[in-house]
Amino acid sequence: MKVIKNSLEGIREAAEILTNNGVVAFPTETVYGLGANAFSEEAVTKLYKIKDRPSFNPLIIHVSSYDMANMYGVFNSSANKLAEKYWPGPLTIIVKKKKSKIVESATAGLETIALRCPRNITASKLIRELDKPLAGPSANKSGKLTCTTPKDVYAKLKNKIDALLDGGNAELGLESTVVDCSVEKPRILRLGNITLDELNRRLDHEMSSALPLQKQIKSPGQLLKHYSPDAELLLNQNGPKKGDIFLSFGPHPKEIDGLTLTETKNLVEAAKNLFTFLHVLDRLSHAKGGVPIKVAPIPTNGVGAAINDRLLRAAKK
Ligand code: TXA
Ligand code: MG
C-alpha cells in the first residue's frame, strides 16, 4: 500500500488510482473512509471484500456538491432543508434513488441511496478530481473499531488497500449522523455530532430515533454489535483499581493505566478521541494479556448520546 501526501499532486494521484478501480483510504471530517469509484463494479466488489462487509449493507455515496447529489437522489422538502443547513458537513441523507451509473451493489439493490457531501477539503477535492461519486464506508473491517487517524488505518489495512491519502487526524471522530428522508416522516438512523435535538429544530416535526437497543433495525449497518475492539469493554464503571485499564471522563485517576477522553468533560473533545483511544487501549489490553477496558459513565446529553450509542454497540458480546 502506498501512503500519499495531502497535496494537489497527491490528490491527483489518489484520484488516478480510484479511476483505475483501486481502493483508497481518504480523510473526512468524521472518520476515515475507504473509497471506491461508485460507477465501477470491480472497485465496489473489491471494497466489500476488503471490509468483509455483507453484500446487503449499502454504502454511503460521497459527492462534492448538492447539485451532484441531486443527480443520484430525489430530494424532497425535508432532504432539501437538511442539505441546505448541514452540507457540506457530517450529515448523511437517505433519499429515493434515481436511475444512474452508480452500480447496484453499492446501494445493496435498495430503492434508496445514502448521500453525503463532506466538508473536509481533501475529500471534496478528491471527489472533484475523480469527477465521479465516491462510495465510502468507514475504513475498518466490518464490525470492528472505526479508524479516525492515518496511523490506525495504516495499522489495520496496510496490506489490503491500494493507497492511503494522509489528511491528518479526523476533526470530529464519530461517523456522520444518518437521517432517512425517503419516508414521509424523516427518522434518524445513526446518531452523530449533529444531534437529534438540533435536527428536530430544523424540521417541522419530531423525528423518531433508532435508539441503540431498539429491536427493529432499519439501517442494515446498525447492527447491535459493531465498532468492536478485541478487548472486552465494561461500561459505566466507577472507581477503577490498580491493574485495571480505564478510559475516563474528566481528570484521570492517579496510578491507573489508561487515558481520559477529556480532562474538562467536554463531550465534543471526548467524541473526537473516542475511537483513537479505544485503539490505544485495545493494544494495551492485548499487551497485558487481555485485561478488559473499563469505561467511565459518559453523560447522554448533546453528542454524548452518540458516544453512548457507539460504546453500547462496541461492548456488546
Ligand atoms: O461519517 C461517515 O458517514 C463515514 C465517512 C467515511 O463518510 N462513512 C460511514 O460509512 O460511516 P459506513 O458504511 O460505515 O456506514 C454507513 C451506514 C451503514 O449503517 C449503512 O447500513 C447505512 O449507512 N446506509 C447506507 N445506505 C443506506 C440506505 N439506503 N438505507 C439505510 N441505511 C443505509
Ligand atoms: Mg462503519
Side-chain angles (χ1 to χ4, degrees), residues 23-36 38 44 47-48 50-64 72-74 79 86-98 102 104-120 122-124 126-127 133-148 153 156-157 165 167 170-183 186-194 210 212 216-228 271-272 275 306 309-310 313-314:
V23 170
V24 179
F26 66 101
T28 83
E29 68 276 21
T30 56
V31 304
Y32 267 75
L34 264 195
V44 170
L47 188 57
Y48 274 93
I50 290 169
K51 275 190 66 92
D52 247 334
R53 182 168 176 124
S55 58
F56 60 77
N57 191 359
L59 308 173
I60 294 178
I61 306 299
H62 295 69
V63 293
S64 56
Y72 306 111
V74 183
Y86 294 108
W87 278 5
L91 181 73
T92 295
I93 304 175
I94 294 172
V95 291
K96 296 246 159 67
K97 190 169 71 175
K98 282 186 182 166
I102 292 178
E104 278 291 304
S105 54
T107 53
L110 297 179
E111 284 174 6
T112 54
I113 182 167
L115 290 158
R116 174 158 124 74
C117 180
R119 72 169 179 231
N120 177 285
T122 308
S124 184
L126 179 66
I127 299 162
L134 184 63
S138 52
N140 51 268
K141 282 267 194 180
S142 186
K144 294 294 185 186
L145 270 185
T146 305
C147 295
T148 57
V153 175
K156 296 291 180 189
L157 296 167
L165 179 57
E171 173 198 338
L172 300 173
L174 293 180
E175 295 88 347
S176 60
T177 302
V178 178
V179 177
D180 184 1
C181 288
S182 72
V183 284
R187 51 183 176 174
I188 192 160
L189 297 184
R190 183 171 72 189
L191 299 168
N193 276 75
I194 300 171
Q216 166 220 0
I217 292 169
K218 160 81 205 267
S219 201
Q222 286 302 78
L223 304 173
L224 228 41
K225 182 171 158 48
H226 209 109
Y227 316 109
S228 313
K272 180 186 163 96
F275 284 120
D309 166 82
R310 301 302 192 275
R313 293 174 207 267

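Hydrogens, waters and symmetry mates are skipped; everything else that's a heavy atom, side chains included, is used. In listed order, ligands and their atoms are each counted from 1. Residue numbers run from 1 in the order of the sequence given. Predicted model, so just to flag it, every value in this text is computed and none were measured.
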Those atoms of ligand 1 less than 4.0 Å from some heavy atom in [X]:
X      : answer
Thr30  : 1 (O), 2 (C), 5 (C)
Ile94  : 27 (C), 28 (C), 30 (N), 31 (C), 32 (N), 33 (C)
His62  : 5 (C), 6 (C), 7 (O)
Pro137 : 10 (O), 12 (P), 13 (O)
Ser176 : 1 (O), 2 (C), 3 (O)
Ala114 : 25 (C), 26 (N), 27 (C)
Ile60  : 3 (O), 8 (N), 9 (C), 10 (O), 16 (C)

Within the structure provided, determine whether [X] and [Y] are in side-chain contact (heavy-atom separation under 4.5 Å).
X      : Y      : result
Ile94  : Val179 : no
Leu59  : Tyr48  : yes
Ile113 : Ile61  : yes

If you take the nearest heavy atom of each of Ala139, Ala135, Gly33, Gly136, which one is closest to atom 8 (N) of ligand 1?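 Minimum heavy-atom distance to atom 8 (N) of ligand 1 goes to Gly136.
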
Which of these, Glu29, Arg190, Lys96, Lys97, has its nearest heavy atom closest to atom 11 (O) of ligand 1?
->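 Heavy atom nearest to atom 11 (O) of ligand 1 belongs to Arg190.
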
Distance-only, no hydrogens or angles: does the Tyr72 side chain make a donor-acceptor pair with backbone N or O of Val63 under 3.5 Å?
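Answer holds: no.
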
### Query
Is Arg116 salt-bridged to Glu29, cutoff N-O under 4.0 Å?
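Yes, Arg116 and Glu29 are salt-bridged.
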
Between the side chains of Ser176 and Arg190, is a donor N or O closer than 3.5 angstrom to an acceptor N or O?
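Yes, a side-chain donor-acceptor pair sits under 3.5 Å.
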
Just wondering, is there an N, O or S atom on Tyr227 that's nearer than 2.8 Å to the Mg ion (ligand 2)?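 Tyr227 does not place any N, O or S atom closer than 2.8 Å to the Mg ion (ligand 2).
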
field: side-chain hydrogen bond (donor to acceptor under 3.5 Å, both in side chains) partner of Glu175, chosen from Thr28, Thr92, Thr30, Thr146
entry: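 Exactly one option meets the side-chain hydrogen bond (donor to acceptor under 3.5 Å, both in side chains) with Glu175, and it is Thr146.
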
Q.
For Lys141, is the NZ atom crowded, meaning more than 12 foreign heavy atoms sit under 6.0 Å from it?
A.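 More than 12 heavy atoms, drawn from other residues, nucleotides or ligands, come within 6.0 Å of this atom.
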
- [ ] Select one of side chain, backbone, both or neither to describe which atoms of Arg53 lie under 4.0 Å from any atom of ligand 1, heavy atoms only.
- [x]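 Under 4.0 Å from ligand 1, Arg53 contributes side-chain atoms alone.
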
Report yes if some N/O of [X] lies less than 3.5 Å from some N/O of ligand 1; otherwise report no.
X      : result
Ser138 : yes
Asn57  : yes
Thr112 : yes

Quiz prompt | Heavy-atom pair of closest approach, residues Pro90 and Arg119 | solution =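 Taking Pro90 first and Arg119 second, the nearest heavy atoms are CD-NH1, 3.7 Å.
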
For Leu110 and ligand 1, answer yes if some heavy atom of the residue is under 4.0 Å from a ligand atom, otherwise no.
->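 Within the 4.0 Å threshold, so yes.
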
Task: Parallel, tilted or perpendicular: rings of His62 and Phe26 (30°, 60°) - done: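 Plane angle over 60°, so perpendicular.
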
